[in-house]
Amino acid sequence: MKKLFILFITAILFTVNGAFARDVDRKIIKDATVEQIQAIILDTISLYEGVITKKEINKNEHKYVVDYNGTTFLGMVGWSKDKKYPKAMFSCQLKQKGKDVEIVSRKVIYSGWFGPQAVFNHYKKIYQEIEYQGFVIEKG
C-alpha cells in the first residue's frame, strides 16, 4: 500500500510539472518574403489577444512565442478573479529560403493535475490567413 501511495504522489508531481511537445510543423510558403509573412502572423496574433498572451515577439530573428490562456472552473463561474493561466505554448519562426519562406511552428502543452489538455493548433489559423492573402503553402 505504501508503494502505491508513493507511486500515486510521484505521478501527480510529474503531471503537474511536465510539459509535453505535441506538434512540430514545417511548411514552405512559395514566392514570399519574411516581412510579408511576419505582418500576417503579427496581425493574426493581435486578433486573438485575450485568448493568447504574447511571451516573445522578436522581429529581428522572426520568432513569435505566445501562451494559450486557460480558464479555471472557479473563474468561469465568477468565484475567482484569477481567470487565466497558461495551458500551452505556441511558437513560430520564419527563415528566408531563396524566393520562399520556411515556417516552423511548435506547440507545447503544459500538463495539469489530470494530464495534458486538448489545445487548438493556432498555427492552422496562421496558415489559413497566409493562404487567404494569396500565398501557396507546401509541406516542408
Side-chain angles (χ1 to χ4, degrees):
M1 187 68 178
K2 188 176 183 181
K3 289 180 183 178
L4 261 161
F5 179 72
I6 291 171
L7 180 65
F8 176 72
I9 295 299
T10 305
I12 287 177
L13 291 175
F14 174 73
T15 59
V16 170
N17 296 320
F20 300 95
R22 290 289 182 208
D23 292 314
V24 176
D25 195 56
R26 181 183 313 259
K27 301 277 188 197
I28 300 293
I29 304 163
K30 303 301 279 180
D31 298 322
T33 65
V34 169
E35 290 76 20
Q36 291 171 317
I37 304 305
Q38 177 175 270
I40 295 170
I41 290 172
L42 293 175
D43 286 344
T44 305
I45 287 173
S46 67
L47 285 173
Y48 288 97
E49 201 143 338
V51 176
I52 58 177
T53 302
K54 297 175 189 174
K55 282 181 78 172
E56 178 185 355
I57 304 294
N58 188 330
K59 294 180 183 179
N60 296 328
E61 294 181 18
H62 311 291
K63 182 177 177 182
Y64 321 96
V65 182
V66 299
D67 271 336
Y68 293 99
N69 294 330
T71 304
T72 63
F73 175 74
L74 295 176
M76 288 182 352
V77 296
W79 291 350
S80 172
K81 292 181 182 178
D82 185 25
K83 297 182 180 186
K84 296 180 187 174
Y85 68 95
K87 67 178 183 177
M89 183 269 306
F90 162 74
S91 73
C92 178
Q93 190 162 12
L94 304 174
K95 290 183 184 174
Q96 191 73 47
K97 299 281 185 172
K99 295 189 322 183
D100 304 330
V101 174
E102 178 185 50
I103 181 170
V104 178
S105 303
R106 295 171 186 86
K107 180 176 77 171
V108 175
I109 298 174
Y110 304 134
S111 179
W113 284 102
F114 302 106
Q117 303 175 6
V119 177
F120 182 73
N121 294 325
H122 267 77
Y123 59 80
K124 292 180 181 178
K125 284 288 187 190
I126 289 174
Y127 295 161
Q128 288 174 348
E129 289 292 327
I130 291 169
E131 287 177 335
Y132 181 74
Q133 297 296 326
F135 295 99
V136 176
I137 299 177
E138 295 179 353
K139 288 198 175 215

Discussion item. I need the Glu129 CD to Leu47 CG distance, nearest 0.5 Å.
Written reply: 6.5 Å

Worksheet item: Looking only at heavy atoms, which two atoms of Gln38 and Lys59 are closest? And how far apart?
Response: OE1-O, 3.3 Å

Discussion item. What I'd like to find out is whether the side chain of Ile40 reaches to under 4.5 Å of the side chain of Tyr132, using heavy atoms alone.
Written reply: no

Worksheet item: With side chains defined as the heavy atoms from C-beta onward, is the minimum distance between Lys54 and Ile52 less than 4.5 Å?
Response: no

Practice prompt. Just do the side chain to side chain contact (heavy atoms under 4.5 Å, CB included) check on Thr53 and Val66 with the steps written out, would you?
Written response: CA-CA 5 Å; Thr53 302; Val66 299; over 6 Å; no

Worksheet item: Is Lys55 close to Tyr64 at the side-chain level, that is, under 4.5 Å between some pair of heavy atoms?
Response: no

Distance-only criterion, 3.5 Å: show the donor-acceptor pairs between side-chain atoms of residues 88-96 and protein atoms not counting sequence neighbours.
unit_1, atom_1, unit_2, atom_2, d
Gln96, OE1, Val34, N, 3.0
Gln96, NE2, Ala32, O, 3.1
Gln96, NE2, Gly98, O, 3.0
Gln96, NE2, Asp100, O, 3.0

Worksheet item: Do Tyr68 and Ile109 touch side chain to side chain, with heavy atoms closer than 4.5 Å?
Response: no

Item to complete: Indicate yes or no: at least one non-hydrogen side-chain atom of Asn69 is less than 4.5 angstrom from one of Val51.
Response: no

Practice prompt. Scan side-chain atoms only and decide if Glu49 and Ser46 contain a donor-acceptor pair under the 3.5 Å cut-off.
Written response: no

Fill in: Spatial distance of atom CD1 (Ile137) from atom CD1 (Ile103) [nearest 0.5 Å]
7.0 Å

Item to complete: Answer yes or no: is there a side-chain heavy-atom contact under 4.5 Å between Leu42 and Ile57?
Response: yes

Discussion item. Between Glu138 and Lys27, does any side-chain N to carboxylate O distance fall below 4.0 Å?
Written reply: no

Worksheet item: Can you check whether Thr33's main-chain N or O pairs, donor with acceptor, with Gln36's side chain at less than 3.5 Å?
Response: yes

Practice prompt. Measure the spacing between CD of Glu102 and NE2 of His62 and express it to the nearest 0.5 Å.
Written response: 13.0 Å

Practice prompt. Quick one: list whatever passes salt bridge (Lys or Arg N to Asp or Glu O under 4.0 Å) with Lys99, sequence neighbours left out.
Written response: Asp31

Worksheet entry | CD1 on Ile130 to NZ on Lys125, rounded to 0.5 Å | 13.5 Å

Response to the item:
Between Ile28 and Lys139 the two heavy atoms that sit nearest each other are CG1-O, 4.2 Å

